[in-house]
Amino acid sequence: MKKSSTQALVVRPIVTTDGVFLAHYTEKGLAELNFPGKGSEVGRGFSRAANKKVFPAKIPAWHRLTEAALKKALTGHAPKKLPPLDWSGTTTFQQSVWREMLKIACGETRSYGQLATNIRKPAAVRAVGGACGANPIPVLVPCHRVLAAHGKIGGFGGGLDWKRRLLAREGMVL
DNA sequence: GTCACCTTAGAAG
DNA sequence: CTTCTAAGGTGAC
């Protein structure tokens, strides 16, 4: 299955001490969450939602969960509950990587290599990096807890300072 | 088809 | 220590 059917997005803002995040929802759940300050990201992909009449009653409830989870995560606290996540437009490889990342506890880290090993594809180290970069739901899916080997910070698509800041809040020192 | 990417262990200089 | 290489998965061009 490729990307396709799942669109019909609804976007809701989440105001935090770090700025305004934008949460994108489909009828299946939270599909994307993006960092503040990137106005450019706002225009891509959900404009068609304005034409849709669909606005599942569940969305306000999901949004409440997302907001609570995001704020907790931003203070270095593990969210106790997450809204349903809609990963329908992604590959199974990516999903397995993200599922594995969700297991990383607050204050812990993994290397790309460790993650690759955990999903039974030890040679797909770089692919794991690619999956992290493709992660549509940063912070809640802790892609920032994935470091390169030997404690190196590695990279971060949305801005390396975010990665450092998030890690620092969880009490980590590089 | 080609290239660039949030990588890494190992071999060579 | 530094540099180079090979190997996965995916999306942009």
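Residue numbers start from 1 in every chain, and the chains themselves are labelled A, B, ... in the order their sequence lines are given, proteins ahead of strands.
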Q.
I'd like to check the side-chain contact (heavy atoms from CB on, under 4.5 Å) partners of A/Val125; sequence neighbours left out, ordered by chain and number.
A. A/Tyr112, A/Ala116
Q: Could you check whether A/Tyr112 gets within reach of a base, just the sugar-phosphate, or nothing at all, counting any heavy atom under 4.0 Å?
A: base
Q: Look at the side-chain heavy atoms of Ile, Leu, Val, Met, Phe, Trp and Tyr, link any pair under 4.5 Å apart, and say whether A/Leu22 and A/Leu65 land in one connected group.
A: no
Q. What pairs with A/Thr109 under side-chain contact (heavy atoms from CB on, under 4.5 Å), at least two apart in sequence or on another chain?
A. A/Leu147, A/Leu167, A/Met172
Q: Walk me through it: do A/Leu85 and A/Trp98 pass the test side chain to side chain contact (heavy atoms under 4.5 Å, CB included)?
A: CA-CA 11 Å; A/Leu85 305 181; A/Trp98 300 331; over 6 Å; no
N/O to N/O distances under 3.5 Å, protein versus nucleotides 2-6 of chain C:
none

Q. Should A/His24 and A/Asn34 be marked as a side chain to side chain contact (heavy atoms under 4.5 Å, CB included) after you check the CA-CA gap, both sets of side-chain angles, and the distance that decides it?
A. CA-CA 8 Å; A/His24 300 220; A/Asn34 48 43; 3.3 Å; yes
Q) With sugar-phosphate meaning primed atoms plus P, OP1 and OP2, does A/Lys152 contact a base, only sugar-phosphate, or nothing at under 4.0 Å between heavy atoms? A) nothing
Q: Could you check which residues of residues 122-133 of chain A get a heavy atom under 4.0 Å from DNA chain C? Sort them by number, please.
A: A/Ala123, A/Ala124, A/Arg126, A/Ala127
Q) Taking only residues two or more places apart in sequence, or in another chain, which ones meet A/Trp62 in a ring-ring contact (aromatic ring centres under 6.0 Å, His included)? A) none
**Q.** Check: A/Ile119 and A/Arg99 side chains under 4.5 Å, non-hydrogen atoms
**A.** no
Q) What orientation do A/Phe21 and A/Phe35 show, parallel under 30°, tilted 30 to 60°, or perpendicular over 60°? A) tilted
**Q.** Contact residues, residues 136-144 of chain A to DNA chain C [heavy atom, < 4.0 Å]
**A.** none
Q: Could you tell me from which nucleotide to which nucleotide of DNA chain B, 5' to 3', there is an atom under 4.0 Å from chain A heavy atoms?
A: B/dC6 to B/dA9
Q: Please list, chain by chain and in numerical order, all residues satisfying side-chain contact (heavy atoms from CB on, under 4.5 Å) with A/Arg64, sequence neighbours excluded.
A: none
Q) In residues 163-174 of chain A, which ones come under 4.0 Å of DNA chain C, going by heavy atoms? A) none
Q: Name all stems that contain residues of DNA chain C, defined as runs of 3 or more consecutive Watson-Crick or G-U wobble pairs, both distances under 3.5 Å.
A: B:1-5 with C:9-13, B:7-13 with C:1-7
Q: Answer with yes or no after comparing the ring centroid distance for A/Tyr25 and A/His63 against a 6.0 Å cut-off, counting only values under it.
A: yes
Q: Please identify each residue that fulfils side-chain contact (heavy atoms from CB on, under 4.5 Å) with A/Pro122, with sequence neighbours left out.
A: A/Thr117
Q) Expressed in whole Å, how much space separates the P atoms belonging to C/dT5 and B/dC3? A) 15 Å
Q. For residues 145-154 of chain A, which residue pairs qualify under side-chain hydrogen bond (donor to acceptor under 3.5 Å, both in side chains), counting only residues two or more places apart or in two chains?
A. A/Arg145-A/Glu170
